[in-house]
Amino acid sequence: MFQSTQPVIPAHTEPLLAVDDLAVRFEAARGTVQAVDGVSLSIRPGETLGLVGESGCGKSTLGRAIARLVDPHHGSVRFGGIDLTRLPRRDLRIHRRDVQMVFQDPLASLDPRWTVGSLIAEPLNIHRVGTRQERRTQVAELLRKVGLPADAAEKYPHQFSGGQRQRIGIARALALDPKLIILDEPVSALDVSVQAQILNLLVDLQKQFGVAYLFISHDLSVVEYISDRVAVMYLGRIVEVASRDELWARPAHPYTRALLQSVPRINGARMSARRETLKGDMPSPYGSPPGCRFHTRCPVVQDRCRVESPSLAPGDETKHSVACHFPLEASVSTPAL
């Protein structure tokens, strides 16, 4: 669907964001939900890390925990060397300038009572950036950068299409010149043609501003287009991390391979003779299975998987890591989507 043209990020670059052993729990009437369980990942300056997995696996909760919209149970989120989980609210406000978020539903995230100009100017007002006239000028410039006319500032969110509203959300996220933007399913509610426009816009803005992205999505073709590296998440845990090209060419975790093989293809091309299929639904987050959490659906499960939980093999950003006792052979390649 999309043609990928990603820049090369130097492998030696120090991480901008380093998440270590992060866990998020929610208490509910039925028990405790372990939404995120011991997640570790990193993002370098100017890089796009794609985060993929089925609905309910904890992707959005992880993004919100990194942005400190929800508080983690334990673990650390180090941004520029500072652990955001240890900061009091008054100090956290300063660092919110560097980490912004774009949500899945732009209409729900934009106050319908405010004009577009007021919505984009709100972060500038909160952080007291410039004079009133300078803020107006900056709002007009941000609208121009996301492909909207200056007079859009006088209108209200309901007067725009879904794609235009997402452009407004992106402009608002860029207002404080952040270093990282967390994009939570930013194009899933849009038509395919509009998706391509927004994705191209994000790529262009990344080149202009040098901003890093955590791109959360369940759409693998979108993730393949925009990502430098990809992390695969299942039931609260990261099960595989690799560069985009490496993951598509040599998926090692059975879950990753099944995700890639589940993508419909118009030409009917087959992945390989050894096709992995998933059976059943993802287990309830109220009671995760013992051992490997994927063993209840894994096509290559063995006795060890039912009792011993695999850990993600340590590695730097240039290495392919997988949390599996019996990773699949890398000899079967996976064609691009």
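Values below: all heavy atoms of this structure, side chains included; hydrogens, waters and symmetry mates excluded.
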Chemist: Write down the atom of Ile238, the atom of Ala323, and the distance for their closest heavy-atom approach.
Modeler: O-CB, 4.1 Å
Chemist: Evaluate the side-chain proximity of Trp248 to Val223: yes if any heavy-atom separation is below 4.5 Å, no if none is.
Modeler: yes
Chemist: Hey, is the main chain of Ser42 close enough, under 3.5 Å, to the side chain of Arg229 for a donor-acceptor pair?
Modeler: yes
Chemist: Could you walk me through whether Val322 and Thr256 pass side chain to side chain contact (heavy atoms under 4.5 Å, CB included), step by step?
Modeler: CA-CA 10 Å; Val322 59; Thr256 306; over 6 Å; no
Chemist: Any heavy-atom pair between the side chains of Leu235 and Pro289 that's under 4.5 Å?
Modeler: yes
Chemist: Is it true that Ile120 and Ile126 fall in one hydrophobic cluster, defined by side-chain heavy atoms closer than 4.5 Å?
Modeler: no
Chemist: side-chain hydrogen bond (donor to acceptor under 3.5 Å, both in side chains), that's the test. Do Asp228 and Tyr213 meet it? Break it down for me.
Modeler: CA-CA 10 Å; Asp228 299 299; Tyr213 294 145; over 6 Å; no
Chemist: With a 4.5 Å cut-off on side-chain heavy atoms, are Glu54 and His218 touching?
Modeler: no
Chemist: Got a second to check how far Leu214's CG is from Ser227's OG, nearest 0.5 Å?
Modeler: 9.5 Å
Chemist: Same cluster or not: Ile94 versus Leu69, using hydrophobic residues (I, L, V, M, F, W, Y) connected whenever any side-chain heavy atoms lie under 4.5 Å apart?
Modeler: no
Chemist: Can you tell me which residue pairs pass the salt bridge (Lys or Arg N to Asp or Glu O under 4.0 Å) test with a partner in residues 142-165, sequence neighbours excluded?
Modeler: Glu141-Arg144, Glu141-Lys145
Chemist: Checking Asp191 now: which residues fulfil side chain to side chain contact (heavy atoms under 4.5 Å, CB included) with it, not counting sequence neighbours?
Modeler: Ser193, Val194
Chemist: Verify side chain to side chain contact (heavy atoms under 4.5 Å, CB included) between Arg135 and Asn125, making sure each step is shown before the conclusion.
Modeler: CA-CA 8 Å; Arg135 290 194 287 268; Asn125 295 332; 2.6 Å; yes
Chemist: Taking side chain to side chain contact (heavy atoms under 4.5 Å, CB included) as the test, write out the residues that go with Leu87, two or more places apart.
Modeler: Ile82, Leu84, Asp91, Leu92, His95
Chemist: What's the spacing between Ile66 CD1 and Leu41 CG if we round to 0.5 Å?
Modeler: 5.5 Å
Chemist: Does anything in residues 62-77 pair up under side-chain hydrogen bond (donor to acceptor under 3.5 Å, both in side chains), and if so which pairs, sequence neighbours excluded?
Modeler: Arg25-His73, Arg68-Asp71, Asp71-Arg89
Chemist: Return the CG to CD distance between Leu148 and Gln164, rounded to the nearest 0.5 Å.
Modeler: 6.0 Å
Chemist: Is the shortest side-chain heavy-atom distance between Val24 and Leu62 below 4.5 Å?
Modeler: no
Chemist: Distance from Lys207 atom NZ to Leu205 atom CG, nearest 0.5 Å?
Modeler: 11.0 Å
Chemist: For Arg136, give me all partners under salt bridge (Lys or Arg N to Asp or Glu O under 4.0 Å), at least two apart in sequence or on another chain.
Modeler: none
Chemist: Can you see which heavy atom on Gly236 is nearest to which on Val39, and at what distance?
Modeler: O-CG2, 3.4 Å
Chemist: Looking at CG of Asp204 and CG of Leu199, how far apart are the two atoms once the value is rounded to the nearest 0.5 Å?
Modeler: 11.0 Å
Chemist: Donor-acceptor pair, distance only, cut-off 3.5 Å: does the side chain of Glu240 make one with the backbone of Val232?
Modeler: no
Chemist: ring-ring contact (aromatic ring centres under 6.0 Å, His included) with Phe294: which residues, sequence neighbours excluded?
Modeler: Tyr234, His253, Tyr255
Chemist: Can I get a per-line list of side-chain donor-acceptor pairs under 3.5 Å for residues 170-181, giving both atom names and the distance, sequence neighbours left out?
Modeler:
from   : atom 1 : to     : atom 2 : distance (Å)
Arg172 : NE     : Leu119 : O      : 2.8
Arg172 : NH2    : Glu122 : OE1    : 2.0

Chemist: Does Arg93 reach the side chain of His127, with side-chain heavy atoms less than 4.5 Å apart?
Modeler: yes
Chemist: So, the side chain of Asp83 versus the backbone of Val77: is there a donor-acceptor pair under 3.5 Å, distance only?
Modeler: yes
Chemist: To the nearest 0.5 Å, what is the distance between CD1 on Ile168 and OG on Ser109?
Modeler: 9.5 Å
Chemist: Can you see which heavy atom on Val116 is nearest to which on Ala152, and at what distance?
Modeler: CB-O, 3.3 Å
Chemist: Which residue pairs satisfy the ring pair (Phe, Tyr, Trp, His ring centres under 6.0 Å) criterion with at least one member in residues 34-69, sequence neighbours excluded?
Modeler: none
Chemist: Evaluate the side chain to side chain contact (heavy atoms under 4.5 Å, CB included) criterion for residues Val300 and Phe326: first the C-alpha distance (whole Å), next the side-chain angles of each, then the deciding distance (0.1 Å), finally the verdict.
Modeler: CA-CA 8 Å; Val300 294; Phe326 307 99; 5.7 Å; no
Chemist: Going by heavy atoms in the side chains, are Phe215 and Leu49 under 4.5 Å from each other?
Modeler: no
Chemist: Could you pull out all residues at least two apart from Arg237 that satisfy side chain to side chain contact (heavy atoms under 4.5 Å, CB included)?
Modeler: Asp37, Arg293, Ser309
Chemist: I'd like to check the salt bridge (Lys or Arg N to Asp or Glu O under 4.0 Å) partners of Arg306; sequence neighbours left out, ordered by chain and number.
Modeler: Asp303
Chemist: Taking all non-hydrogen atoms of both residues, which atom of Leu51 and which atom of Lys59 are closest, and how far apart?
Modeler: O-CD, 3.7 Å
Chemist: By salt bridge (Lys or Arg N to Asp or Glu O under 4.0 Å), which residues pair with Glu246, not counting sequence neighbours?
Modeler: Arg250
Chemist: Looking at Gln166 and Asp105, would you say the former's side chain and the latter's main chain have a donor-acceptor pair under 3.5 Å?
Modeler: no
Chemist: Going by salt bridge (Lys or Arg N to Asp or Glu O under 4.0 Å), name the residues that satisfy it together with Arg113, two or more places apart in sequence or in a different chain.
Modeler: Asp111
Chemist: Are Thr48 and Gln206 close enough, and set up right, to give a side-chain hydrogen bond (donor to acceptor under 3.5 Å, both in side chains), and what steps lead you there?
Modeler: CA-CA 9 Å; Thr48 298; Gln206 187 174 50; 2.9 Å; yes
Chemist: Restricting to non-hydrogen atoms, name the atom on Gly63 and the atom on Met101 that form the minimum distance, rounded to 0.1 Å.
Modeler: C-CE, 4.2 Å
Chemist: Taking C-beta and beyond as the side chain, do Ile43 and Leu16 meet within less than 4.5 Å on heavy atoms?
Modeler: no
Chemist: I want to check something: taking the side chain as every heavy atom from C-beta on, are Pro254 and Pro299 in contact at a cut-off of under 4.5 Å?
Modeler: yes
Chemist: Looking at Val187 and Ile198, what are the two nearest heavy atoms and their distance?
Modeler: CG1-CG2, 3.7 Å
